Amino acid sequence: FYYNYRGISISLKIQDECGKLNINNLTNNRWYGIAQRLFENLELNTDLVDAIRDWIDSDDEVFGNGAESFYYEGLGYRPLNAPMKSLYELFYVKGVNDKIFKRLKSYLTVYGGKVNVNSAPKEVLLALSPQMNEDAVDSIIESRPIRDLTKLKELPGFDEELYFEIKPLLTVRCDYFQIEATASYGDSTVTVEAY
């Protein structure tokens with residue numbers, strides 16, 4: 001939505017957060033594997049997935065190429081060792097910088113659980129299973145809105161095995177949204193983000 005009146009412009013963006021991967025699920029091995037595939041699809045270092053997992057897991061044992069207290073105390077803080085409440089907490093995680101955060105922001109969230117098949121980007125859908133292919137993902141995107149997950153079985157690129165593998169990971173609805181409002185007047189611009 002965009003509105004301009006006498007030099008004052010207002011824009012409003014609403015985005016479904018459930019089409020993204022909830023990083024607080026990474027302590028679960030299945031979601032960890034999905035995150036690994038997503039980062040590979042995005043051509044990002046998969047060591048970042050280990051670091052995020054270590055940031056939120058409750059122990060102080062380094063997982064893979066992650067980091068725990070020993071690393072973070074040298075920076076003056078300790079790992080969270082709990083679920084993140086904001087995606088911006090990623091800036092504290094080993095290896096995450098502004099460029100990486102901007103790349104990940106469209107694919108990761110701290111809200112919801114399952115992935116909304118109606119709003120997930122292609123990269124997230126491809127990461128759901130090693131058997132997921134471009135044909136299956138394209139058929140999902142072309143068939144939106146999908147109101148009943150059982151319809152996935154009928155789509156090109158799907159078979160029963162793939163359907164039953166990814167069905168527990170999916171939903172067709174969402175209760176979490178990002179709202180971004182921007183107002184501009186002259187040289188001043190203000191943006192407010194809420195979830």
Side-chain angles (χ1 to χ4, degrees), residues 15-59 61-68 83-84 87 89-90 93-97 99-174 176:
Q15 183 176 347
D16 175 344
E17 282 294 294
C18 298
K20 302 175 183 180
L21 180 67
N22 185 335
I23 56 175
N24 289 320
N25 291 338
L26 295 188
T27 55
N28 173 290
N29 287 334
R30 187 168 191 187
W31 288 104
Y32 170 81
I34 292 167
Q36 288 276 331
R37 288 188 293 277
L38 175 62
F39 279 56
E40 286 172 8
N41 293 345
L42 297 173
E43 298 178 356
L44 292 172
N45 187 338
T46 56
D47 289 351
L48 291 168
V49 180
D50 294 349
I52 296 168
R53 182 174 173 152
D54 270 343
W55 183 261
I56 62 172
D57 69 15
S58 60
D59 63 42
E61 296 175 29
V62 176
F63 181 85
N65 293 309
E68 286 286 357
M84 289 187 198
L87 196 60
E89 292 176 47
L90 279 174
V93 176
K94 175 185 174 186
V96 177
N97 58 32
K99 182 180 176 184
I100 290 171
F101 180 82
K102 285 177 182 173
R103 180 87 168 110
L104 290 172
K105 190 175 180 189
S106 299
Y107 304 102
L108 301 178
T109 187
V110 296
Y111 301 102
K114 295 182 177 187
V115 173
N116 185 348
V117 71
N118 289 312
S119 61
K122 188 173 193 167
E123 294 84 355
V124 172
L125 293 171
L126 275 170
L128 293 174
S129 167
Q131 283 71 47
M132 195 66 131
N133 59 47
E134 299 264 345
D135 291 338
V137 171
D138 290 342
S139 65
I140 288 173
I141 292 170
E142 291 168 13
S143 299
R144 290 174 173 168
I146 297 169
R147 301 193 194 304
D148 180 4
L149 288 175
T150 60
K151 300 293 182 200
L152 293 176
K153 288 191 280 189
E154 302 165 10
L155 297 177
F158 271 86
D159 59 24
E160 293 255 332
E161 183 180 337
L162 178 58
Y163 168 75
F164 284 111
E165 179 186 354
I166 67 169
K167 183 181 179 267
L169 308 170
L170 300 175
T171 185
V172 295
R173 56 180 307 250
C174 186
Y176 300 96

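In this text the structure is predicted, and so the values were computed from the model without any measurement.
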**Student:** ring-ring contact (aromatic ring centres under 6.0 Å, His included) with Y163: which residues, sequence neighbours excluded?
**Tutor:**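 For Y163 there are no ring-ring contact (aromatic ring centres under 6.0 Å, His included) partners, ignoring immediate neighbours.
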**Student:** For the atom pair CD1 (I140) and CG (L170), what is the distance rounded to the nearest 0.5 Å?
**Tutor:**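 The distance works out to 7.0 Å.
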**Student:** Could you report the tightest heavy-atom contact between I100 and L44, atom names first, then the distance?
**Tutor:**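 Closest approach of I100 to L44: CG1-CD2, 4.5 Å.
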**Student:** Can any side-chain N or O of N22 pair as donor or acceptor with the backbone N or O of G113 at less than 3.5 Å?
**Tutor:**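 Looks like no, no N/O pair under 3.5 Å.
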**Student:** For K122, enumerate each residue passing the side-chain hydrogen bond (donor to acceptor under 3.5 Å, both in side chains) test, keeping only those at least two apart in sequence or located in another chain.
**Tutor:**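 Partners of K122 by the side-chain hydrogen bond (donor to acceptor under 3.5 Å, both in side chains) criterion, ordered by chain and then number, come out as E134, D138.
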**Student:** Do Y111 and N24 meet the criterion of a side-chain donor-acceptor pair at a distance under 3.5 Å?
**Tutor:**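 Side-chain D/A pair, Y111 to N24: absent.
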**Student:** What's the verdict on side chain to side chain contact (heavy atoms under 4.5 Å, CB included) for I34 and L169, showing C-alpha distance, side-chain angles and the deciding distance?
**Tutor:** CA-CA 10 Å; I34 292 167; L169 308 170; 3.7 Å; yes
**Student:** Among residues at least two apart in sequence or on other chains, which ones pass salt bridge (charged side-chain N to carboxylate O under 4.0 Å, His left out) with E17?
**Tutor:**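 Partners of E17 by the salt bridge (charged side-chain N to carboxylate O under 4.0 Å, His left out) criterion, ordered by chain and then number, come out as K20.
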**Student:** With the side chain counted from C-beta on, respond yes when L90 and I52 share a heavy-atom pair under 4.5 Å apart, and no when they do not.
**Tutor:**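 Result yes, sub-4.5 Å side-chain heavy-atom pair found.
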**Student:** Within the 4.5 Å heavy-atom criterion, are R147 and V172 side-chain neighbours or not?
**Tutor:**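 Contact flag for R147/V172 side chains = no.
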**Student:** Calculate, to the nearest 0.5 Å, the distance between atoms CG and CZ belonging to N118 and R144 respectively.
**Tutor:**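 The distance works out to 6.5 Å.
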**Student:** Kindly write out the residues that satisfy side-chain contact (heavy atoms from CB on, under 4.5 Å) with R173, not counting sequence neighbours, or none if the list is empty.
**Tutor:**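 Scan of R173 (side-chain contact (heavy atoms from CB on, under 4.5 Å), adjacent residues dropped) gives T171, D175.
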**Student:** Supply the atom-to-atom distance Q36 CD to N41 CG, rounded to the nearest 0.5 angstrom.
**Tutor:**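 Going from the CD atom of Q36 to the CG atom of N41 covers 11.5 Å.
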**Student:** Among all residues two or more places apart in sequence or in another chain, which pass the salt bridge (charged side-chain N to carboxylate O under 4.0 Å, His left out) test with K99?
**Tutor:**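 For K99 there are no salt bridge (charged side-chain N to carboxylate O under 4.0 Å, His left out) partners, ignoring immediate neighbours.
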**Student:** So, using side-chain contact (heavy atoms from CB on, under 4.5 Å) as the criterion, who are the partners of D135 when residues are at least two apart?
**Tutor:**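 side-chain contact (heavy atoms from CB on, under 4.5 Å) check on D135 returns N133.
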**Student:** Under 3.5 Å, side-chain donor or acceptor atoms of residues 151-158 against the rest of the protein: list the pairs with distances, not counting sequence neighbours.
**Tutor:**
none

**Student:** Taking N65's backbone N and O only, do any of them form a donor-acceptor pair with D50's side chain (distance below 3.5 Å, no angle check)?
**Tutor:**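 A pair under 3.5 Å: yes.
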**Student:** In chain order, what residues pass the side-chain contact (heavy atoms from CB on, under 4.5 Å) check against P130, with sequence neighbours excluded?
**Tutor:**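 Only R37, E165 meet the side-chain contact (heavy atoms from CB on, under 4.5 Å) criterion with P130.
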**Student:** Can you list everything that forms a side-chain contact (heavy atoms from CB on, under 4.5 Å) with N29? Sequence neighbours excluded, please.
**Tutor:**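 Checked N29 against side-chain contact (heavy atoms from CB on, under 4.5 Å); matches are R53.
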**Student:** Which pair of heavy atoms, one from E123 and one from L38, lies closest together, and at what distance?
**Tutor:**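 That closest heavy-atom pairing would be O-CD1, 3.6 Å.
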**Student:** For a quick test of reading the model, state the closest non-hydrogen atom pair linking D16 to S119 and the distance between them.
**Tutor:**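 Distance-wise, the nearest heavy atoms are OD2-OG, 2.8 Å.
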**Student:** Starting at CG of L162, measure out to CG of L128 and round the result to the nearest 0.5 Å.
**Tutor:**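 Output value for this atom pair is 9.0 Å.
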**Student:** Would you say the side-chain atoms of D57 pair up with the backbone N or O of T27, donor to acceptor, closer than 3.5 Å?
**Tutor:**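 Such a contact is absent between D57 side chain and T27 backbone.
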**Student:** My understanding is that only residues two or more places apart in sequence, or in another chain, count here; which of them pass ring-ring contact (aromatic ring centres under 6.0 Å, His included) with Y107?
**Tutor:**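 Listed in chain order: nothing, the list is empty.
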**Student:** So, taking the atom named CH2 in W55 and the one named CG in L26, what distance separates them when rounded to the nearest 0.5 Å?
**Tutor:**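 W55 atom CH2 to L26 atom CG measures 14.5 Å (nearest 0.5 Å).
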**Student:** Please list all pairs passing the disulfide bond (SG atoms under 2.5 Å apart) test where one or both residues lie in residues 107-165, with sequence neighbours left out.
**Tutor:**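 For residues 107-165, and leaving out neighbouring residues, there are no disulfide bond (SG atoms under 2.5 Å apart) pairs at all.
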**Student:** Do you know the tightest heavy-atom contact between R30 and I166?
**Tutor:**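 The answer is NH2-N, 4.3 Å.
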**Student:** Partners of K105 by side-chain hydrogen bond (donor to acceptor under 3.5 Å, both in side chains), sequence neighbours excluded?
**Tutor:**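 Residues passing side-chain hydrogen bond (donor to acceptor under 3.5 Å, both in side chains) with K105: Y88, E193.
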**Student:** Where do V115 and A120 come nearest, in terms of heavy atoms and distance?
**Tutor:**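 Looking at all heavy atoms of both residues, the shortest contact is CG1-CB, 3.6 Å.
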**Student:** List the atom of C174, the atom of N116, and the distance in Å for their closest heavy-atom pair.
**Tutor:**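 Looks like CB-ND2, 3.9 Å.
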**Student:** Just wondering, do L108 and F39 contact through their side chains at under 4.5 Å, heavy atoms?
**Tutor:**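 SC-SC contact between F39 and L108 confirmed.
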**Student:** Would you say that E89 contacts V110 through its side chain, given a criterion of any heavy-atom pair below 4.5 Å between the two side chains?
**Tutor:**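 Contact flag for E89/V110 side chains = no.
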**Student:** Can you tell me how far apart NZ (K167) and OG1 (T150) are? Round to the nearest 0.5 Å.
**Tutor:**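 Separation between the atoms: 8.0 Å.
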